[in-house]
Trainee: 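Take a look at this one; I'll ask things after.
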Amino acid sequence: MNEDKDFLTLADLDTGTSCIITKVHGRGGFRNRIIEMGFVRGKRVKIIKNAPLQDPIEYEILGSHVALRRSEAALIEVVREEDAANVNAFEYHGTLPHDAEKENAHKLLFENSIHIAIVGNPNSGKTTLFNQITGLHEKVGNYAGVTVDAKHGRVTHDNYTLDFFDLPGTYSITEYTPEELYVRQHLLKEMPDVVVNVIDASNLERNLYLTTQLIDMNVKVVIALNMSDELNKSGAVLNHILLGKLLGIPIVPTIASRNVGMEALMDKIIEVFEDQDPDARHVHINYGDVLEKKITYIRSLILKNDEIGNRFSGRYLSIKLLEKDQHVHELLKTASNLTEIDNAAKESIEQLENAYKEPVRTIISNAKFGFVNGALRETYKEAKVDKHEQTNRIDAFLTHPLLGFPILLIFMYLMFQGTFTLGAYPMEWIEMGVEFVGNWLGNILPEGWVHDLVLDGIIGGVGGVIVFLPNILFLFFFISIMEDTGYMARVAFIMDRVMHKIGLHGKSFIPLLMGFGCNVPAIMATRTLESKRDRLLTMLIIPFMSCSARLPVYILIISAFFPHHQGLVLFSVYLAGIALSIIMALIFKNTLFKGQNTPFVMELPPYRIPTLKNTTIHMWDKAVQYLKKMGTLILVASIAIWALGYFPKEVNYTQDYDSQIVQIENTISDEAEREDQIQTIEYEKASEHLEQSYIGRLGHWIEPVIMPLGFDWKIGVSIITGLAAKEIVVSTMGVLYQTDEETQGVEGLQSKLQQQLHKSGPHVGEKVFNPLVAYGLMLFILIYFPCAAALAAIKKESGWNWALFVMFYTTALAWLVSFAVYQIGMLF
Ligand code: GDP
Ligand code: MG
């Protein structure tokens, strides 16, 4: 696994170079031996001989020569001597100390860093704790390969630099979900120095189950007994000191939401890291004589391979093998006796399952629960009164089989209404700001293409998107509050039965609902789903939730071609989207995501008062994401579309518009009349320019493809510009059909649309739009290519492959649906 590390090790250095040890990884006997030999932090090592691919490597340390295997050397983290000198040049003046005292100083000069992984059940307060500890030092990082966020934050405490990693919440560290695997990979590959296991004190049994897996892994753990306020309030009593001794893991009570216990936690982390805590020890969970014998045997086979034993607990690997864990093989692939190990495991499993008539996995997890129960029996006294009484009373109301739905509807209504009403004010300010900047730039920039690029391309495009920022912030504000209070879990609970019918989980309901506002935050909200499969499936159907940007297009078309039953037609378009999402979800469930559904606990956490800090951090995160990721993409897309419509600048017009204008100027005396006519000619000119521009040619080029839908090239151009953002369709039509919304109003554009005739093709001379074409176009706009920003969000959450997939499948589907509507409709 050397290829995965991002630090320099003893094995990487060339003959003749010197370095300083910064950290010794590895475990057990290896670690003790290596430390006894003098390989400790701050010591200087010289590489005497390191030939590529040759084992062992020869070193000089403390004046004597030692040989280390390559696999051992790879566990010792170092910095080059010259780098160390450079970092601290002003302290050293270029010379390195060698006597003990100076060496000690040197040791202190180096940052003592501890890598800490935070693991625990969802909702146990990991993120709250992480935020409290790291505060404003927090840095958000998205780690390659998974869409699950792992946040990294750094603080200094007592001469130590503490690097905290907030990992996704899991109930277990097996391999059932990507989140679990992610946590596991982090623990095994990154080799954190200390694991902080955050435990919800009001739900000890389930939370401690995860702890038993950490015990198996034999890593250094500190338990943060979080929500201890709730424990105390409930009247239950826990002897956490005794529990810590029993588990071999020191326990620090915390109340993350009130910043209580954070210092003590950090002190304890350092103590455990330095091996100073007497309670920290490795306990064995007893799996019963029969199983233990097998574990010991397999372990002995595994430990024939030093390079594996130096890194991982042999006991852990054996247990995993007996659980038929698939991923553990990756860790064993270097074993010289792999077949022997495999056969032993297979044989043992067979014997055990014959004897117990149960999968080994079940035997093991039963033993784990037994261990937890036993430990709790000695240390935990339950409260006499039902601690969840209040929660139960609220739940009876909020998750009532009948009342639950109308209450949910009211909350949803408040959320959307709140989002748009509250968002309207800052939206206006931003609009004004954009306009102000536009005017100001318009005045100082000389006429020419730069002027047009900045005003029409950049400000027009990006400005149009930035105005949605307040909406997004408010939406996330409400969502964050719903999450923190615990209501979100209830919503998922209410909707779960319905969502299961289409292969989704109750939690998918929220992102889908948000999609009606804007697909971008909806896609970002899929993060609240625990399993990757659910996230992807939800993301794939979110685009069918008709977002508010599509509304202007529908309004234009409906008022032009469906003068009667306008509301009904509009509603039918939205319904069509919902119907499609259900159909597609069913199809995906039975094809792409066949049989991958992992059920998971739908817990109902107690209701809590949200904290301002959490909520603000949530909103801030979203704002930064939106501005950064969407801003760059939208910028490029708007510039591209602008340029395609702008160039080539010089085209051969079929009419001499300029002299027509001059003529009007000279002949017509009534000012209003004159302005009007000039305006008309200028629009004709602009329209012809657009037709001959690259984007116009593109429209003509795709005309054969969209002809079967009853569309002409102008519709083609509108569709293409709609790729950037769907509301652009309306403004493009305005230019193409030679109207200006401001001077002639929407009605002008509507009558133009009604009068459009086919200029070529089989239907030449006929009207372009009829109700069929119009309805088909609305469906096309609904279904095809979710805008560039939504696609960027999908790419960010799940990678390029899925983004491209969404792009193509939605467009193909849009074509098919519009084709069906038009062709079938034409039969009647
Ligand atoms: P995570 O899923 O483990 O990251 O959990 P969060 O950090 O998102 O916390 C879940 C909820 O528990 C939030 O509403 C927090 O405000 C709340 N919370 C966190 N720590 C405590 C605590 O010590 N006491 C109480 N009463 N609530 C807490
Ligand atoms: Mg969290």
Side-chain angles (χ1 to χ4, degrees), residues 116-135 138 140 148-153 164-173 177 179-180 182-183 195-204 206-208 210-211 223-236 238 240 251-265 387-388 390-391 394 476-490 492 507 525 527-531 600-622:
I116 300 146
I118 304 179
V119 302
N121 286 188
N123 261 317
S124 54
K126 296 180 297 302
T127 306
T128 314
L129 186 138
F130 174 85
N131 286 338
Q132 290 289 11
I133 289 184
T134 57
E138 171 220 79
V140 180
V148 197
D149 264 353
K151 284 188 186 174
H152 171 214
F164 282 91
F165 288 82
D166 182 21
L167 300 184
T170 58
Y171 294 108
S172 159
I173 325 179
T177 67
E179 294 69 26
E180 290 185 10
Y182 182 78
V183 170
V195 174
V196 170
N197 182 198
V198 180
I199 278 182
D200 174 354
S202 57
N203 200 337
L204 286 170
R206 198 194 56 209
N207 278 263
L208 285 172
L210 177 68
T211 314
I223 288 178
L225 184 70
N226 198 33
M227 315 220 174
S228 43
D229 52 335
E230 306 225 330
L231 181 83
N232 295 336
K233 215 166 53 194
S234 74
L238 176 74
H240 70 265
I251 297 179
V252 182
T254 59
I255 308 171
S257 54
R258 279 194 263 134
N259 207 4
V260 174
M262 300 300 123
E263 293 284 316
L265 181 64
K387 58 185 169 178
H388 291 311
Q390 195 184 356
T391 294
I394 307 178
F476 274 99
F477 173 76
F478 287 115
I479 289 190
S480 167
I481 294 215
M482 276 175 56
E483 265 182 356
D484 284 356
T485 51
Y487 183 61
M488 194 70 105
R490 272 73 188 181
K507 285 190 181 172
R527 285 201 194 162
T528 51
L529 306 178
E530 268 105 11
S531 98
F600 48 89
V601 195
M602 271 235 298
E603 44 159 9
L604 296 176
Y607 291 100
R608 295 198 176 95
I609 309 278
T611 64
L612 189 65
K613 190 165 181 179
N614 252 353
T615 313
T616 343
I617 287 179
H618 249 105
M619 282 171 65
W620 175 245
D621 261 12
K622 297 300 161 197

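Counting starts at 1 for both ligands and their atoms, following the listed order. Small disclaimer: the values here were computed from a predicted structure and weren't measured.
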Trainee: Could you establish whether Ser124 and ligand 1 come within less than 4.0 Å of each other, counting only heavy atoms on the residue side?
Mentor: yes
Trainee: Check whether any side-chain heavy atom of Ile223 lies under 4.5 Å from a side-chain heavy atom of Thr211, and answer yes or no.
Mentor: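 Answer yes - side chains close enough.
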Trainee: At less than 4.0 angstrom from any non-hydrogen atom of Glu230, what atoms of ligand 1 do you find?
Mentor: 26 (N)
Trainee: Pick one of side chain, backbone, both or neither for how Ser257 approaches ligand 1, counting any non-hydrogen atom pair under 4.0 Å.
Mentor: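 Contact part for Ser257 vs ligand 1: both backbone and side chain.
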Trainee: Which of the atoms in ligand 1, numbered in the order shown and given with their element, are less than 4.0 Å from a heavy-atom of Ile255?
Mentor: 22 (C), 23 (O), 24 (N)
Trainee: Please tell me if the side chains of Leu210 and Asn121 come closer than 4.5 Å, counting only heavy atoms from C-beta onward.
Mentor: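 Yes, side chains in contact.
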Trainee: Say whether Asp166 and Thr127, considering side chains only, have a donor N or O and an acceptor N or O under 3.5 Å apart.
Mentor: yes
Trainee: Considering only heavy atoms, does Asn121 approach ligand 1 within less than 4.0 Å through its side chain, its backbone, both, or neither?
Mentor: backbone
Trainee: Is Pro122 close to ligand 1, meaning an N/O of one under 3.5 Å from an N/O of the other?
Mentor: no
Trainee: Below a 4.0 angstrom heavy-atom separation, can you tell me which part of Arg258, side chain or backbone, both or neither, approaches ligand 1?
Mentor: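 Under 4.0 Å from ligand 1, Arg258 contributes no heavy atoms.
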Trainee: Are any non-hydrogen side-chain atoms of Ile199 and Leu208 less than 4.5 angstrom apart?
Mentor: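 Touching, per the 4.5 Å side-chain cut-off.
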Trainee: Looking at Leu204, Val252, Val198, which one forms a side chain to side chain contact (heavy atoms under 4.5 Å, CB included) with Leu225?
Mentor: Leu204
Trainee: State the atoms of ligand 1, each with its element, that fall below the 4.0 Å cut-off from a heavy-atom position in Lys126.
Mentor: 1 (P), 2 (O), 3 (O), 4 (O), 5 (O), 7 (O)
Trainee: Would you mind running through ligand 1 and noting each atom that sits below 4.0 Å from a heavy atom of Thr127?
Mentor: 1 (P), 4 (O), 7 (O)
Trainee: Any idea which heavy atoms bring Ala224 and Leu265 closest together, and the distance?
Mentor: CB-CD1, 4.1 Å
Trainee: Heavy-atom contacts with Ala256 under 4.0 Å: which atoms of ligand 1 show up? List them by number with element.
Mentor: 20 (N), 22 (C), 23 (O)
Trainee: Need the ligand 1 atom indices (1-based, order shown) with element for anything under 4.0 Å from a heavy-atom of Asn123.
Mentor: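 Atoms satisfying the 4.0 Å criterion: 1 (P), 2 (O), 3 (O), 5 (O), 10 (C).
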Trainee: Rounded to the nearest 0.5 Å, what separates atom CG in Leu167 from atom NZ in Lys151?
Mentor: 12.5 Å
Trainee: Numbering the atoms of ligand 1 from 1, which are under 4.0 Å from a heavy atom of Asp229?
Mentor: 22 (C), 23 (O), 24 (N), 25 (C), 26 (N)
Trainee: Would you check, one step at a time, whether the test side chain to side chain contact (heavy atoms under 4.5 Å, CB included) holds for Asn226 with Thr128?
Mentor: CA-CA 10 Å; Asn226 198 33; Thr128 314; 5.8 Å; no
